[in-house]
Undergrad: 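I am attaching a structure below and will ask some questions about it afterwards.
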Amino acid sequence: MSRIKEFNLPDLGEGLTEGEILAWLVKVGDTIELNQPIVEVETAKAAVEIPAKWGGVVSRIYVEAGTTVEVGAPIVAIDTDPSAGPLPGDGPVPSAESLAAVEIAPAEGAVEPGLIGGPAPGGRTAVLVGYGPKSTTAKRRPRTSSASATAASAPTAPPGAAPVVPPVAPPPPAPVVPAPVVPAPAASPVPAARTSGPVLAKPPVRKLARDLGVDLATITGSGPLGSVTRDDVQQAAAAPASVAAPVVTTASFDTSREQRIPVKGVRKLTAENMVASAFTAPHVTEFLTVDVTRTMKTIEKLKERRDFRDVRISPLLLVAKAVLLAVERHPMVNSSWSAATNEIVVKDYVNLGIAAATERGLIVPNVKDAGRLSLRELAEALNTLVQVAKSGKTPPSDMAGGTLSITNVGVFGVDTGTPILPPGESAILAFGAIRPMPWVHKYKIKIRQVTTLGLSFDHRIIDGELGSKFLRDIGDFLTDPEGTLLAWA
Amino acid sequence: MANGESTAGADAPAGGFVQLLTPDGERVDSATADGVTYSVDFTDDEYRELYRDLVTVRRLDAEATALQRQGELGIWASLLGQEAAQVGSGRAMRPQDMAFPTYREHGVLYTRGIDPIMPFGLFRGVDQGGWDANEHRFNGYTIVIGSQTLHATGYAMGVTMDGKTGTPDGEAVIAYFGDGATSQGEVNEAFVWAGVFHAPMVFFCQNNQYAISEPLERQTRIPLYRRAAGYGFPGVRIDGNDVLASFAVTRAALDNARNGQGPTLIEAYTYRMGAHTSSDDPTRYRIASEVESWKAKDPISRLRAFLTKQQLGDDSFFDEVDESAKTLALSLRERVLSMPDPQPISMFDNVYPHGSAELDLQRSQFADYHASFEGSDH
């Protein structure tokens, strides 16, 4: 053990209980120096690199990237004296026990795991701030047999604590293996599942059960004191009607060929937003196919201008401009439905959202008060927005407060889509691929640059007439940007 | 110049700042703020020692950050990027001066000649960070934001009452705090009291642009140094990444204080290159390009460029400085790792200066209780 040293995941940020291994920067067999970054770990507070605590050779990596590890669990073993030749055994010996030891979590207490004061993974007690109490359950030394008298007379000993029958034998000497003392729920004072009486469940769980049409009384609770938990309700809702359940053993699919991806982070947020939006705002989608040849020519002209020389100009810029100008003509589309106050909130500013596909998933950062920006400023803002999104560093403030959005599905080569509104917005424009197509131009069939726009809007606020006029205006601008600009000025 | 305006280099914020060494390592002879001219007159060795200080405090800080990531410190507040503000102002103090730090002033601590191990007991959780403030002329690290400015002001008023000001050998007091602290009531109260009572104070604000995640524009509508005018004492902004400006302006402000000229606010305009503390992730609230732009203003590289151009230092000198900083850092690591856990009985120490009969009784009972366990070494 002295030569092979195991590094346990430390508490990286004042009271954390776990961390996710993002990436290993070294592999088994690598020679490393003291303080060389070896692994990236993300906790609830920060993503950080951990520097090696010892120099040497990486002899074992216990945890794959993508795994969440409890604080205190060994994650890597380092041979600190590789020059001393091969090891007697094959790999570090103590790892198995230490792994087993940390995986033992204490039994459920009265407080739910994760709550303050409740048990947390790794046998720790969850705390709000601070370094957290250590799990020292196995550390107390036994009393000396001769000391019982001293202890009994000592004022610090609780009165009456001395057992009536003196201990039959002195407690065994310090256990060789610090058997993890699992504070067994001393013969569970309450039956795990209640058989009669009122059903125990927290209010949010009761609501969930009502929403899912599950009768709480039919569920055997797995929570503390036999209470019904969120998981219990979800399992009950997912289970097929218990009686019928015909034995459908046409097991033609092998579950080993299914991949199960935990839903978290951006994916989870996206899912929640989409469900919230799709089932509260009645969506209508309209389509318009337009000839954007002149828009493409305008882009070429802009690129030649000296004052636009150093900004990136894309069709998205002119689509954004079209949307902003059309909003000025139809302010009602830039609004949101406030169910809480029974009002429609019409906004005098446009925080223009741009849906961006990033490695972490879909995000919709927005350009604040985009209607006030000059075309050049808008171009810069869009470029910055997209670059920051791609780097994965979009701050939450950039994603908040959007009023109207554009999703550029054209970059994926598709014609258009029926986008779902970001929550709180009342219109979103899908902008499809621009392709050369046969098109009737001045009563002749010509090859023109053509695209299809798809506009989804919240039908509670926007009627078909308003939505159509708005979409038509966007189309008119893209058909003839310069002429339209003059006509609307 | 009126309204605290300063001469300044091209990289200065609006309103300017005092700068004696540009980011490219060009020496500026003197700089003026509010009609006062600042300059430094260092020997070659003194320039080299300033460089050594900067490199050493950065290296020790890096070691502490690594120790936290390795589970050996509970938390660490890194000074990365703020070395010049701390070393310059720390070296400007005279032995009799008193400093009131926050929890980030490791560089000031080092320049006071204090063993850098001193604050590690606090961050490792083996003591409460108590040390003899009078012996070191360096008060305890204060965690509560801004409260040390009041302690410092009260202390400075006491200095005046003791008759220790009004001469060139008088005593002065310096209080450190950050941009976020300027929004605290305590700091504003300290300004009022120090101003009204003419306390021998220097308020040294390291404006590192962020109060944890809140940017400067959430703290103030005007440059922070201009707030001093409202309290009736001068405010000066310096390039906080320029160790020479930090030294020159702090030295002048401390001398004014010790001579009975009252307080000064110094705003050291700098940038926190790292996280607020090891529990923070700055990539969640600031963009990489901003950090990159500050890298070009690094306090160490500009002094190194100056030393190179002036032929005051060559590669062998720079290597030697790096190597001795590393040696110091590794010995610090060993000493941190070997810090003993406190004995339970030690909780009775340092409660009363001259003991207490009641507490002595509790101590002996507690000792007996612990002695009743097997393997006890009491």
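Numbered from 1 within each chain, the chains take letters A, B, ... in sequence-line order. Just so it is clear, the model here is predicted, and its values are computed rather than measured.
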Undergrad: Do you know which of B/Ser279, B/Ala62, B/Ala275 has the most heavy-atom pairs under 4.5 Å to chain A?
TA: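 Of the candidates given, the most pairs with chain A belong to B/Ser279.
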Undergrad: Side-chain contact test, heavy atoms from C-beta onward, threshold under 4.5 Å: evaluate it for A/Asn35 versus B/Glu63 and give yes or no.
TA: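 SC-SC contact between A/Asn35 and B/Glu63 confirmed.
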Undergrad: When you measure from the side chain of B/Gln70 to the backbone N and O of A/Ile50, does any donor-acceptor pair fall under 3.5 Å?
TA: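 Pair absent, no side-chain N/O of B/Gln70 close to backbone of A/Ile50.
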Undergrad: Using side chain to side chain contact (heavy atoms under 4.5 Å, CB included), reason through A/Lys53 and B/Glu72 one step at a time and then give a plain yes or no.
TA: CA-CA 10 Å; A/Lys53 196 165 174 177; B/Glu72 298 295 342; 2.3 Å; yes
Undergrad: Give the minimum heavy-atom separation between A/Val48 and B/Arg69, together with the two atoms involved.
TA: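 Scanning both residues completely, I find the closest heavy atoms to be CG1-NH2, 3.2 Å.
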Undergrad: Quick check on B/Asn350: does its CG atom have over 12 non-hydrogen neighbours (other residues, nucleotides or ligands) under 6.0 Å away?
TA: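 It does not: B/Asn350 CG has 12 such atoms or fewer within range.
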Undergrad: If we define contacts as heavy-atom pairs under 4.5 Å, which of A/Val41, A/Leu12, A/Asn8, A/Thr394 has the most with chain B?
TA: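 Option with the top pair count is A/Leu12.
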Undergrad: Give a yes or no on this: more than 12 heavy atoms of other residues, nucleotides or ligands lie within 6.0 Å of atom CZ of B/Arg284.
TA: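 Above 12, so yes.
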Undergrad: Please look at A/Glu42 and chain B and tell me whether the side chain, the backbone, both or neither of the residue comes under 4.5 angstrom of a heavy atom of that chain.
TA: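 Side chain only.
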Undergrad: Grab the two heavy atoms, one from B/Asp281 and one from A/Ala47, that are nearest each other, plus how far apart they are.
TA: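 Scanning both residues, the minimum pair turns out to be OD2-N, 3.2 Å.
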Undergrad: Pull out the residues in residues 326-337 of chain B that come under 4.5 Å of chain A, heavy atom to heavy atom, sorted by number.
TA: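 Answer by number: B/Leu330, B/Arg333.
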Undergrad: Heavy-atom distance under 4.5 Å to chain B: side chain of A/Thr43, backbone, both or neither?
TA: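 Only the backbone of A/Thr43 comes within 4.5 Å of chain B.
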Undergrad: Kindly check if the number of other-residue, nucleotide or ligand heavy atoms within 6.0 Å of CD (B/Gln128) is above 12?
TA: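 No.
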Undergrad: If you round to the nearest 0.5 Å, how far is CD1 of B/Ile75 from CD of A/Glu14?
TA: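 Going from the CD atom of A/Glu14 to the CD1 atom of B/Ile75 covers 3.5 Å.
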Undergrad: Considering only heavy atoms, which portion of A/Leu9 lies under 4.5 Å from any heavy atom of chain B: side chain, backbone, both, or neither?
TA: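 For A/Leu9, neither part sits under 4.5 Å from chain B.
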